[in-house]
Enquirer: 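This is the structure I want to talk about, given as structure tokens.
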There are 2 protein chains.
Amino acid sequence: MISQTAEYALRAVTYLADHTAAQTANAIAKGTKVPVGYLAKILQGLVRSGLVTSQRGLYGGFILARPPKELSVHDVVQAVAPLMRIERCPLGIAGHGTNLCPLHRNLDNAMATVEQAFRRLTIHALLNQAHGSHPLCGFPHPVTKA
Amino acid sequence: MISQTAEYALRAVTYLADHTAAQTANAIAKGTKVPVGYLAKILQGLVRSGLVTSQRGLYGGFILARPPKELSVHDVVQAVAPLMRIERCPLGIAGHGTNLCPLHRNLDNAMATVEQAFRRLTIHALLNQAHGSHPLCGFPHPVTKA
DNA sequence: GGATCAATGGATATCCATATCCATTGATCG
DNA sequence: CGATCAATGGATATGGATATCCATTGATCC
């Protein structure tokens, strides 16, 4: 459904949204159970996309570039592993344009539904949904460093 | 969204639904633009799942095991490349049960929506949606052999 | 300046979905 | 029976997503 990379990116962003101070790749990796080396790559991607800001050196790390209310799940997914819509006939007939056959029209409609849901769902909303107030599955609410 | 394998399987099943006589892997491959060797493997999977019946030798080939009205897109997708729902916490905390965190609850809800859509959509419905009456993208309606 | 911390970029490894090829099995025809 | 047709199963390749490692760059502290 969504790639492992997108899943990791969402965990990282959720984690960042839950912290005000900069968080190192190491801290995020521990807090989200994502392999640290791979996470570093994903964070680089998020930085390049402008969703996250990075800072080197002591007390450095990563911070969200926008408030969680203005950051959707769709933004994150598109940044690291875009959900491709079906725009033209996958059977490659020329001149068929946007007029998809029933099969692909229906498949794309399903994708459209998901895309819409992801657009509407902000990271802020995730944090504030009732669940004993921890935003990540089965995780003790991390103590925000003072 | 759905794997290449599932896409191929759906094309093949749609093709079969449009033909009464048995169709060889070769014919299906040509008619759906799927690599024949790979299609053969996928068809084997469909046979094993009981969605399709196979017959060797001259005039052999593949036929749908059920009428297209009783065959959903979901059936086909599940048979070859199951869409995995999120059933428990991907962060692997024991005893967390089915109580997903907001992130994974929302992701799984999106999947549930897609699953529902796929369950409701039959192959028969695909064939009968108005589109100049060819079920596959940009494809001249194949002449059903007499 | 030197020491330490932490992101960056590049090279490399691993795994799985995708894909190809072919010898074997089984069915039909004459 | 032999010849032909076509699915089956197994071995093998390939590419992209996933993942690891490390030298380099840049920032902070003393």
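Chain letters run A, B, ... following the sequence lines, proteins first and then strands; every chain starts at 1. What you are looking at is a predicted structure, and each value in this text was computed from that prediction instead of being measured.
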Enquirer: A/F118 and side chain to side chain contact (heavy atoms under 4.5 Å, CB included): which single residue from A/D75, A/V73, A/L10 fits?
Expert: A/V73
Enquirer: Given A/V114 and B/T113, is the side-chain contact (heavy atoms from CB on, under 4.5 Å) satisfied, shown in steps?
Expert: CA-CA 8 Å; A/V114 171; B/T113 306; 6.0 Å; no
Enquirer: Evaluate the side-chain contact (heavy atoms from CB on, under 4.5 Å) criterion for residues B/V13 and B/L71: first the C-alpha distance (whole Å), next the side-chain angles of each, then the deciding distance (0.1 Å), finally the verdict.
Expert: CA-CA 9 Å; B/V13 166; B/L71 191 58; 3.7 Å; yes
Enquirer: Indicate for each nucleotide in nucleotides 4-17 of chain C, in 5' to 3' sequence, whether protein heavy atoms under 4.0 Å reach the base (B), only the sugar-phosphate (S), or nothing (-).
Expert: -BSBSBB-------
Enquirer: Pairing check on C/dA23: which nucleotide meets the Watson-Crick or G-U wobble criteria with it, both distances under 3.5 Å?
Expert: D/dT8
Enquirer: Verify side-chain contact (heavy atoms from CB on, under 4.5 Å) between A/V80 and A/Y8, making sure each step is shown before the conclusion.
Expert: CA-CA 10 Å; A/V80 297; A/Y8 289 166; over 6 Å; no
Enquirer: Pick from B/I28, B/T5, B/L39: which one makes a side chain to side chain contact (heavy atoms under 4.5 Å, CB included) with B/V34?
Expert: B/L39
